[in-house]
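Written out below as C-alpha cells is the structure these notes cover.
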Amino acid sequence: MDTPRRVEHQQTDRGYVPVYATGTVEQPWASYSKTDHEVWDTLYRRQRELLPAYACQEFLDGVERFGLGDGGIPRFDDLNKVLGKATGWQLVAVEGLLPDEVFFDHLANRRFPVSWWIRKPDQLDYLSEPDLFHDLFGHVPLLLNPVFADYMQAYGKGGMKAHAIGPEALMNLTRLYWYTVEFGLIRTDKGLRIYGAGIVSSKGESIYSIDSPAPNRIGFDLERVMNTKYRIDTYQQTYFVIDNFEQLFEATGPDFTPIYARLAQGTPVAAAQILPTDKVYHRGTREGFASGGDN
C-alpha cells in the first residue's frame with residue numbers, strides 16, 4: 001500500500017495558504033518512523049504531566065479509557081473498538097485539513113477525521129494546521145463522553161445547514177466551534193478547567209488559558225460566541241466558560257436560522273472586547289495583546 005499524502009499548508013510571501021484534502025485513507029502504520037513515534041511520546045508525556053492540574057476530569061478519564069500513553073502513535077483500529085462501543089463514533093484517517101462540507105458530513109455521521117501524519121521534531125510547540133497529535137490527543141478523548149459526543153454530531157448537522165445558507169452563517173458557526181471545541185473552558189468544583197482540543201494539545205496555552213491574567217474569561221452565551229471574532233496567530237484573547245456539557249448540547253437544539261439573520265444585522269465583536277451584558281469571570285489585563293487581525 002502506498003503511503004498517503006501529507007497535505008500541509010503552503011508557505012508563501014503572504015503567509016500560510018490552506019491546502020485541503022478530501023478523502024479518507026488507511027492509517028499507514030508501517031510508514032511511521034522512529035522519529036514520528038518519539039514525537040508522539042514527547043508530546044504525550046509533556047501534556048500528561050501537566051494536564052491533571054488544568055484539564056477537566058472528563059478529558060482525563062477519556063485518555064485513561066483509551067489507554068493512551070507514550071508507547072508510540074496509537075493504532076486507530078484499536079481506538080475505534082473502544083470508541084464505537086462507548087458512543088458509536090469512529091475515527092477516520094485523512095491526509096490533512098478538510099473542506100467544510102466534507103468535515104461537517106463526517107461529524108453528522110459520527111465520524112471524526114484525524115490527520116494520519118504527525119508534526120516534525122522542530123514543530124513541537126507550534127504548527128499552523130492540525131496534525132495527528134492535535135486531532136487524536138486533543139479531540140478524541142472527549143468523544144467517549146456521551147453528551148459531548150452528541151454535541152459534536154449536532155454541530156456537524158448544523159454545519160451542513162449553515163453551509164447551505166451562506167458564508168456569513170458559516171462564519172458564525174465556525175466561531176462556535178473555535179470557542180468551544182477548540183478553545184473552551186468549563187467550570188468545575190476545582191475551578192476553571194480546559195476541555196478545548198486546541199488548548200489541551202498545547203503546553204503553552206494550557207498554562208496561559210488558566211493562569212495568565214491577560215485574557216478575558218467570560219460565561220458562555222450562544223449568540224455572543226457566534227458573533228465574536230477570534231485570532232489564529234496568538235493565544236486567545238477571550239475564553240468562554242461553560243457550566244457543563246449539557247449546556248453546550250442544549251444550545252444546539254434551536255434552529256439557528258433566525259440567529260444567523262439577527263447576527264447579520266449587527267457588528268461582530270472584537271476578540272478582546274467585553275460587553276456590558278457579559279458574565280465576566282475574569283477581566284483580562286490585555287498584556288501582550290496584538291491589535292487587529294481578528295477573524
Side-chain angles (χ1 to χ4, degrees), residues 51 54-59 134 138-139 142 145 147-148 150-152 154-155 158-159 162 169-202 204-254 256 259-260 262-263 266-290 293-295:
L51 289 179
Y54 290 92
C56 68
Q57 192 59 48
E58 292 89 343
F59 175 84
H134 169 270
H139 283 284
L142 274 182
N145 179 277
V147 178
F148 190 81
D150 288 347
Y151 170 69
M152 290 293 285
Y155 183 89
L170 191 57
M171 176 53 75
N172 294 146
L173 199 68
T174 298
R175 291 170 181 154
L176 177 61
Y177 192 91
W178 185 268
Y179 280 118
T180 60
V181 178
E182 292 289 358
F183 293 98
L185 300 181
I186 185 171
R187 291 176 59 209
T188 76
D189 57 6
K190 296 180 181 179
L192 297 186
R193 291 292 184 266
I194 303 159
Y195 72 92
I199 313 178
V200 296
S201 58
S202 164
E205 193 149 7
S206 293
I207 298 169
Y208 173 89
S209 65
I210 299 297
D211 292 345
S212 174
N216 305 314
R217 300 176 183 90
I218 298 172
F220 174 86
D221 176 89
L222 178 66
E223 291 193 35
R224 167 71 159 97
V225 170
M226 294 172 72
N227 199 40
T228 304
K229 297 180 178 181
Y230 59 86
R231 300 187 64 92
I232 63 173
D233 59 341
T234 67
Y235 293 158
Q236 299 310 297
Q237 298 180 343
T238 293
Y239 296 94
F240 289 95
V241 182
I242 62 172
D243 294 327
N244 48 56
F245 292 123
E246 286 77 10
Q247 180 186 21
L248 263 188
F249 179 65
E250 290 169 3
T252 63
F256 284 1
I259 297 176
Y260 297 141
R262 284 196 297 272
L263 294 179
T267 302
V269 179
Q273 187 175 351
I274 289 182
L275 303 181
T277 53
D278 287 336
K279 181 177 182 179
V280 180
Y281 291 103
H282 173 79
R283 183 181 295 269
T285 63
R286 303 169 62 96
E287 181 181 358
F289 279 10
D294 296 358
N295 286 316

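Below, all heavy atoms of this structure are taken into account, side chains as well, without hydrogens, waters or symmetry copies.
- Taking the six-membered ring where the residue is Trp, the centroids of Tyr195 and Phe59 are separated by 6.0 Å or more.
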### Message
Show, in sequence, the C-alpha distance, side-chain angles and deciding distance for Val241 and Leu192, and conclude whether the side chain to side chain contact (heavy atoms under 4.5 Å, CB included) test is met.
### Response
CA-CA 8 Å; Val241 182; Leu192 297 186; 3.6 Å; yes
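- Here side chain to side chain donor-acceptor pair (under 3.5 Å) pairs that include residues 243-252, with residues two or more places apart or in two chains, are Arg187-Asp243.
- Between the CZ atom in Phe249 and the CG atom in Asp150 there is a gap of 5.0 Å [rounded to 0.5 Å].
- Summarising the geometry of Ser201 relative to Gly138, their closest heavy-atom pair is CB-CA, 4.4 Å, with the distance given to 0.1 Å.
- Of all heavy-atom pairs spanning Ala55 and Val200, the tightest one is CB-CG1, 4.3 Å.
- When every heavy atom of Phe245 is checked against every heavy atom of Ile242, the shortest pair comes out as CD2-CD1, 3.8 Å.
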### Task
Please lay out, stage by stage, how Arg193 and Leu185 fare under the test side chain to side chain contact (heavy atoms under 4.5 Å, CB included).
CA-CA 6 Å; Arg193 291 292 184 266; Leu185 300 181; over 6 Å; no
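- A donor-acceptor pair is defined here as one N or O able to donate and one able to accept, closer than 3.5 Å; such a pair exists between the side chain of Thr228 and the backbone of Arg224.
- Atoms NZ and OG1, from Lys229 and Thr267 in turn, are 8.5 Å apart once rounded to the nearest 0.5 Å.
- Judged purely by atom type and a 3.5 angstrom limit, Ser209 uses its side chain to pair as donor or acceptor with the backbone of Ser206.
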### Task
Starting from the C-alpha separation in whole Å, work towards a yes-or-no answer on side chain to side chain contact (heavy atoms under 4.5 Å, CB included) for Leu176 and Val181.
CA-CA 8 Å; Leu176 177 61; Val181 178; over 6 Å; no
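- Counting only distance, with no hydrogens or angles, the side chain of Asp278 and the backbone of Leu275 share a donor-acceptor pair below 3.5 Å.
- Side-chain contact annotation: Thr180 with Tyr151, donor-acceptor N/O pair under 3.5 Å present.
- At least one donor-acceptor pair under 3.5 Å links the side chain of Thr238 to the backbone N or O of Ala271.
- Put simply, the residue from Phe183, Phe240, Tyr230, Tyr155 that forms a ring-ring contact (aromatic ring centres under 6.0 Å, His included) with Tyr177 is Tyr155.
- The aromatic rings of Tyr260 and Phe256 lie perpendicular to each other, with more than 60° between the two planes, well past the 30° mark.
- Separating the CD atom in Glu287 from the OG atom in Ser212 is a distance of 7.0 Å, to the nearest 0.5 Å.
- His282 contributes a side-chain N or O that, together with a main-chain N or O of Pro213, makes up a donor-acceptor pair within less than 3.5 Å.
- One distance of note links CE of Met171 with CH2 of Trp178; it measures 10.5 Å at 0.5 Å rounding.
- The heavy-atom pair separating Ile218 from Ile274 by the smallest distance is CD1-CG1, 4.1 Å.
- Enclosure of atom CZ in Arg262 by more than 12 non-hydrogen atoms of other residues, nucleotides or ligands within 6.0 angstrom is indicated.
- What you find for Pro268 and Gly266 is that their closest heavy atoms are CD-O, 4.1 Å.
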### Task
List the steps, then state whether side chain to side chain contact (heavy atoms under 4.5 Å, CB included) holds for Arg286 with Gln237.
CA-CA 7 Å; Arg286 303 169 62 96; Gln237 298 180 343; over 6 Å; no
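- Between Glu182 and His139, some side-chain heavy-atom pair lies under the 4.5 Å cut-off.
- Side-chain contact between Gln236 and Tyr208: absent, with no pair of heavy atoms (C-beta onward) separated by less than 4.5 Å.
- Closest heavy-atom contact between Gly204 and Tyr235: CA-OH, 3.2 Å.
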### Query
Hey, mind stepping through Tyr54 and Glu205 against side-chain hydrogen bond (donor to acceptor under 3.5 Å, both in side chains) and telling me if it holds?
CA-CA 10 Å; Tyr54 290 92; Glu205 193 149 7; over 6 Å; no
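- Side chains of Arg217 and Arg283 form no contact here, defined as non-hydrogen atoms less than 4.5 Å apart.
- Among residue pairs with one or both ends in residues 206-216, none qualify as salt bridge (charged side-chain N to carboxylate O under 4.0 Å, His left out); sequence neighbours excluded.
- The CG atom of Leu170 lies 10.5 Å from the CZ atom of Arg175; values are rounded to the nearest 0.5 Å.
- Judged by distance alone, with hydrogens and angles left aside, the side-chain atoms of Asn216 form no donor-acceptor pair with the main-chain N or O of Val280 at under 3.5 Å.
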